[in-house]
Amino acid sequence: MKQLKKIKGTQDILPEKSIHWQALEKHVHTRMALFNFKEIRTPVFEMTEVFARGIGQFTDIVSKEMYTFTDRAQKSLTLKPEMTAPVMRAYMENTLYAKAQTHKLYYIAPLFRQENPQAGRLRQFHQFGAEFIGSAAPEADVETILLALDIFQSLGLTDMQLRINTVGDPPSRAPYKKLLQDYFRQHISDPDPTVAARIENNPLRVLDSKDPALQEIISRAPRLVDHLTPDAAAHYASVKEQLSRAGAPFTEDPLLVRGLDYYTHTVFEITSDALGAQNALCGGGRYDLLARELSDKDFPAVGFAAGMERLLMALEAQNKLPGRETAPDVFMVCLGDAARAEMATWLRRLRDAGIPADADFLKRSPKAQFREANRSGAHFSLILGEDELARRCFSVKDMRASTQQEIAFDDIISYLQARGGNHS
RNA sequence: GUGGGUGUAGCUCAGCUGGUUAGAGCACCAGAUUGUGGCUCUGGGGGUCGUGGGUUCAAAUCCCAUCACUCACCCCA
């Protein structure tokens, strides 16, 4: 029979790796709590509308990367390719805005995009992220950026770059867009279809093109920073000033343009030198326009999303992977049928006492059971055989010291507890 | 969607210009030690050489196709 294989661009996270995932998730929960962000969980799939309207029809995500299918009721559903739109949908659907003026939400979730996989890019990948909804103040932008930095830094990660830019507000952007369109139409003689479409639909996106032929033209293009309304300019200036005061080094990148339509004002990206071509650890920004795309209400918001696979890759490259292997404190070695009959009972007693315990389940030879005990990393082997049963005791072997002594059944739990677990 | 690279044991790989039953290290299992692991020694199991076709007396090796994986472009986390 043919071996079944996982879907392209997906990954099995085996025990060897999952210890790092668990530690990273725990770390995220801890740091988020420190900033008073609360976890939100949303379904893995949504009505396609949530993304089509939220993210924007002309974005790469919506136009070619979504896992979209129709269910039996002929509704179009989509596996979520990002979390900001679902969080905003949930925020409004559950009228969180009625409970408090601002909400600080965070998530850890699997996401799906049908792209060609490569290092740091998968079809099912995982992000954690935060969404600070309800405040239009630059202080909220800063809080969000500092949160992202904090999570990376507190893991010990170094060699990161924070880049920021502003994509302005609608009053700044509308006239600028026209200006940019005119400029590109005038200077790009025969644009390829993608570029042509971008000039029409979202000229800002042309700015981050890496096409060598366009670099010259792009570098001379009019810049949004020079065409901001006073309000937008003040917002951006305030973000920069607060970041500087907080001691967060950043570089301004006038060409940093996020691929999603809902962004306004501040956008930012944190990249790592430890990664390959896909070096963005985290991307985010303010998205005051999203709520209106999904409803008839307006809510200012700012957030970020960070790729967990990429973060783990960067941590691994710097030897900073969090999490350790676990091992049981004790491994039972049962010799003979009478002892084996007591195995389940003793395992239960040990575990009820909070002592991580394992045993051999293959009825193997003593030698093989000790080998397994050794491999498990257990501190002690609890040997139970004919002799021990008769004397109502265990032979307790310390696997590191290679010493052995008898401990009465009645004393075994307290004996092991006094040894303080596997790390003593 | 487009390029490049790689497919031999569970893993890492060797296998020269095609030539008997395809190898090593690690891992796994067993024995040396009939109730004692780690070290050592001995032995063992495990491979349709990614798949299909072609050339040839003969293909893991050469040719074609195909699939998978991977890196990169695009784009993004």
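All chains are named by letter (A, B, ...) in the order of the sequence lines, taking the proteins before the strands, and each is independently numbered beginning at 1. Since the model is a prediction, treat every value here as computed from it, not as a measurement. All values below were derived from every heavy atom in this structure, side-chain atoms included, with hydrogens, water molecules and symmetry-related copies excluded.
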Handout entry: Separation of B/U36 C1' from A/M332 CE (nearest whole Å)
Key = 15 Å
Problem - Side chains of A/E131 and A/T84, donor plus acceptor under 3.5 Å - result: yes
Handout entry: Between B/G1 (P) and A/N116 (CG): distance, integer Å
Key = 7 Å
Handout entry: Side-chain-base donor-acceptor pair under 3.5 Å for A/N374 and B/G37
Key = yes
Completion exercise
Taken to the nearest whole Å, CZ/A/F152 to P/B/A77 is 12 Å
Problem - Contact residues, residues 301-310 of chain A to RNA chain B [heavy atom, < 4.0 Å] - result: A/A305, A/G307, A/R310
Handout entry: Sugar-phosphate only, base, or nothing, as touched by A/E388 at under 4.0 Å among non-hydrogen atoms
Key = base
Exercise for the section: Starting from C1' on B/G35, measure out to CD on A/E406 and report it in whole angstrom. Expected result: 13 Å
Exercise for the section: Using a 4.0 Å heavy-atom cut-off across all strands, classify A/G336 as base, sugar-phosphate, or nothing. Expected result: nothing
Problem - Heavy-atom donor-acceptor pair, A/K367 side-chain to B/U36 base, under 3.5 Å - result: no
Exercise for the section: Assign A/E82 to base, sugar-phosphate, or nothing according to its heavy-atom contacts below 4.0 angstrom with the strands shown. Expected result: nothing
Practice task
Record whether the side chain of A/K64 comes under 3.5 Å of the base of B/G1 through a donor-acceptor pair of N or O atoms.
Solution key: no
Handout entry: Base of B/G35 paired with side chain of A/Q404 (donor-acceptor, under 3.5 Å)
Key = no
Problem - Distance between C1' atoms of B/C41 and B/A60 (Å, rounded) - result: 34 Å
Exercise for the section: Please measure how far the P atom in B/G47 lies from the corresponding atom in B/G10, and state the result in whole Å. Expected result: 8 Å
Handout entry: Donor on one side chain, acceptor on other, A/Y106 and A/H29, under 3.5 Å
Key = yes
Exercise for the section: Would you state whether a donor and an acceptor, one from the side chain of A/S365 and one from the base of B/G35, lie under 3.5 Å apart? Expected result: no
Practice task
For nucleotides B/G52 and B/G5, find the distance between their P atoms and express it as a whole number of Å.
Solution key: 24 Å
Practice task
Answer yes or no: side-chain N or O of A/Q118 and base N or O of B/C74 forming a donor-acceptor pair under 3.5 Å.
Solution key: yes
Practice task
Rounded off to whole Å, could you give me the NZ-to-C1' distance for the A/K397 and B/U36 pair?
Solution key: 5 Å
Handout entry: Pair A/H235, A/D169: side-chain N/O donor-acceptor within cut-off below 3.5 Å
Key = no
Problem - Nearest-nucleotide comparison on RNA chain B, the residue closer to the 5′ end among A/I61 and A/I7 - result: A/I7
Handout entry: A/R419 to A/Y415, cation-pi by 6.0 Å centre distance and 45° axis angle
Key = yes
Exercise for the section: Check whether NZ of the Lys or CZ of the Arg A/K397 lies under 6.0 Å from the centre of the six-membered ring of A/F370 and within 45 degrees of that ring's axis. Expected result: yes
Practice task
Taking atom P in both B/G53 and B/G15, compute the distance separating them and give it to the nearest angstrom.
Solution key: 28 Å
Practice task
Pick base, sugar-phosphate or nothing for A/L111, based on heavy-atom distances below 4.0 Å to the nucleic acid.
Solution key: nothing
Practice task
Establish, from distance only, whether the side-chain atoms of A/T78 and A/T68 form a donor-acceptor pair under 3.5 Å.
Solution key: yes
Handout entry: Gap between atoms CG and C1', on A/L14 and B/C11 respectively (whole Å)
Key = 13 Å
Practice task
Return yes if the base of B/C75 and the side-chain atoms of A/R121 contain a donor-acceptor N/O pair under 3.5 Å, otherwise no.
Solution key: yes
Exercise for the section: Taking the six-membered ring for Trp and the full ring for Phe, Tyr or His, determine whether the centres of A/Y236 and A/H265 are under 6.0 Å apart. Expected result: no
Handout entry: Interatomic distance, A/E16 CD vs B/G10 P [rounded to whole Å]
Key = 17 Å
Handout entry: Test: A/K64 and A/D60 ion pair at under 4.0 Å
Key = yes
Handout entry: Residue whose nearest RNA chain B nucleotide is more 5′ - A/M399 or A/E372
Key = A/E372
Problem - Rounded C1' spacing from B/U2 to B/C16 in Å - result: 37 Å
Problem - Sugar-phosphate only, base, or nothing, as touched by A/A373 at under 4.0 Å among non-hydrogen atoms - result: nothing
Handout entry: Closest to side chain of A/R205, choosing from B/C76, B/U36, B/C69
Key = B/C76
Exercise for the section: Please work out if A/R375 contacts a base, only the sugar-phosphate, or nothing of the nucleic acid, heavy-atom cut-off 4.0 Å. Expected result: sugar-phosphate
